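Because only heavy atoms are used, hydrogens play no part in the values below, and waters and symmetry mates are left out as well, while side chains stay in. Proteins get letters first, then strands, A, B, ... in listed order; numbering begins at 1 in each. All values derive from a computational prediction rather than experimental measurement.
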Amino acid sequence: MKIASWNVNSLNVRLPHLEQWLATSSPDIVALQETKLEDEKFPDDPLLAMGYRSVFAGQKSYNGVAVLSRERATDVQIGVPGLEDEQKRVLAATVGDLRIVNLYVVNGQSVGSDKYAYKLRWLEAVHDWLAQELVTHPRMIVLGDFNIAPDDRDVHDPAVWNDGHILTSRAERDALERLYALGLHDSYRALNPDATQFSWWDYRMGGFRRNLGLRIDLTLVSEALRPHAVASDIDREPRTWDRPSDHAPAWVELG
DNA sequence: ATGGTTGAAAGTCAA
């Protein structure tokens, strides 16, 4: 059972890449972020032709999340209950005996900005919600674009990506560690303790060519699933394709 | 990293 996350940065542009990647990687469940598509424009027909059903929550131009699955998804939840947020960043669904929580975490722009404050508030709301959700759904995978690099192993240059920097600031990492404290474990790091591999490279300044990346796309597994997580990796190949997303797919395999 | 690139959209905003 392979479960993946990919920020596609416009599903309209990236559908051919997604199709190619689905054909070769054959995941069972895929969480997509930044689809940037209104729901009526979601390409559910071509995906269904490849054997994937879709549930989605999108908007024009920005944000947008979806879950693709070979098995039908049920109990779809859009957004965090009780959190006022017109931005489509959260989609949860049950697939088989797994609860899938797809997150497109707020970027935050820069430390101290209004968007940074929004990011931290948003993460706190997600934390409180997931604490409740885990009671009823112990077999949970929380995955997506977290827009947080967990520690120095996850950045190309810790001197640059430090406490003063967005995506690596202490408060952001504290928020991520509060999710860990719920029993949500970073499967990639648990299975690859010494590896440095990135999931995002800035389009600018030849970021990918020079491997100036961060690992910000995460697949967290709940305590009940941790013993079943047998492999986790990042597939950087789609980042080499023509007109790529700036993110690569990250995945976890449950045995 | 005080620049630069991409996407959506039609001048900028978000990342």
Side-chain angles (χ1 to χ4, degrees), chain A residues 5-21 31-43 56-66 79 85-91 102-123 126 143-150 152 154-169 171-173 175-176 196 198-218 234 236-250:
Chain A
S5 172
W6 195 5
N7 180 324
V8 292
N9 188 16
S10 169
L11 185 51
N12 189 42
V13 171
R14 225 66 67 196
L15 181 60
H17 283 197
L18 177 62
E19 290 174 323
Q20 185 172 347
W21 183 75
L32 301 176
Q33 304 86 36
E34 285 207 88
T35 56
K36 300 186 177 180
L37 282 178
E38 292 169 299
D39 289 347
E40 54 270 28
K41 296 184 176 172
F42 195 91
F56 39 83
Q59 64 188 95
K60 194 188 286 191
S61 304
Y62 305 114
N63 308 309
V65 281
D85 192 356
E86 72 285 358
Q87 302 189 17
K88 296 291 191 289
R89 297 181 172 277
V90 175
L91 192 152
N102 179 13
L103 302 181
Y104 174 43
V105 174
V106 176
N107 175 285
Q109 192 172 51
S110 59
V111 173
S113 67
D114 289 349
K115 288 174 184 171
Y116 182 74
Y118 165 50
K119 181 177 195 172
L120 296 179
R121 280 200 312 274
W122 190 95
L123 285 163
V126 167
L143 75 175
D145 176 358
F146 280 71
N147 271 316
I148 303 169
D152 283 353
D154 304 305
V155 306
H156 67 88
D157 186 353
V160 171
W161 298 94
N162 58 25
D163 184 31
H165 210 295
I166 196 66
L167 313 183
T168 53
S169 71
E172 291 169 88
R173 286 172 163 171
L176 179 60
T196 286
F198 308 132
S199 68
W200 169 83
W201 301 260
D202 200 306
Y203 284 125
R204 298 168 286 190
M205 303 295 287
F208 182 67
R209 179 177 51 79
R210 299 158 66 199
N211 201 28
L212 307 182
L214 304 179
R215 189 173 69 91
I216 57 176
D217 298 271
L218 310 179
I234 298 162
R236 56 182 280 139
E237 200 207 325
R239 189 63 175 79
T240 69
W241 296 344
D242 187 48
R243 279 189 89 191
S245 169
D246 45 352
H247 293 254

Between B:dA9 and B:dA14, how far apart are the two C1' atoms, rounded to whole Å?
12 Å

Test item: A:I148 and A:R173 side chains (from C-beta on) under 4.5 Å apart, heavy atoms
yes

Rounded distance (Å) that lies between atom P of B:dA9 and atom NZ of A:K36
9 Å

Pi-cation contact, A:F198 with A:R215 (under 6.0 Å, within 45°):
no

Whole-Å distance, A:Y116 OH to B:dA15 P, equals 15 Å

Send over the distance from A:D202 CG to B:dG7 C1', rounded to a whole Å.
14 Å

A:Q33 and A:S5 side chains, donor-acceptor separation under 3.5 Å:
yes

What distance, rounded to whole Å, do you find between the two P atoms, one in B:dA15 and one in B:dA1?
23 Å

Of A:V13 and A:D145, whose closest DNA chain B nucleotide lies nearer the 5' terminus?
A:V13

Pick the nucleotide of DNA chain B nearest each of A:A159 and A:D246; which residue has the one closer to the 5' end?
A:A159

Treating A:Y203 as the side-chain partner and A:D246 as the backbone partner, does any N or O pair qualify as donor plus acceptor under 3.5 Å?
yes

Suppose you measure atom C1' in B:dA10 against the same atom in B:dT6; what distance do you get, rounded to whole Å?
16 Å

From the set B:dG7, B:dT5, B:dA1, return the single nucleotide nearest to any side-chain atom of A:R204.
B:dT5

Atom-pair distance (CD on A:E34; P on B:dA15), nearest Å:
7 Å

Within the structure shown, what part of the strands sits under 4.0 Å from A:R210 by heavy-atom distance: base, sugar-phosphate, or nothing?
base

Can you name the one residue among A:D145, A:N9, A:I234 that meets side-chain contact (heavy atoms from CB on, under 4.5 Å) with A:H247?
A:D145

Which part of the nucleic acid, if any, lies within reach of A:F208 when heavy atoms closer than 4.0 Å are counted: base, sugar-phosphate only, or nothing?
nothing

Figure out the CH2/C1' separation between A:W201 and B:dT6, and round it to whole Å.
16 Å

Side chain of A:Y62 (C-beta onward), nearest among B:dA8, B:dA14, B:dG4:
B:dA14

Side-chain N,O (A:R14) to OP1/OP2 (B:dT6) below 4.0 Å:
no

Give the rounded distance in Å between these two atoms: CH2 of A:W200 and P of B:dT6.
14 Å

As a test of reading the structure: which of B:dT6, B:dC13, B:dA1 is closest to the side chain of A:Y203, going by heavy atoms?
B:dT6

Flag the pair A:W6 / A:P238 as yes when at least one side-chain heavy-atom distance between them is below 4.5 Å, and no otherwise.
yes

For A:R89, report the nucleic acid contact type (base, sugar-phosphate, nothing); a contact means any heavy atom under 4.0 Å.
sugar-phosphate

Atom-pair distance (NE2 on A:H247; C1' on B:dT6), nearest Å:
12 Å

Rounded to the Å, how far apart are A:Q109 CD and B:dT12 P?
18 Å

With respect to the side chain of A:K60, which nucleotide from B:dA8, B:dA15, B:dA9 is positioned closest?
B:dA9

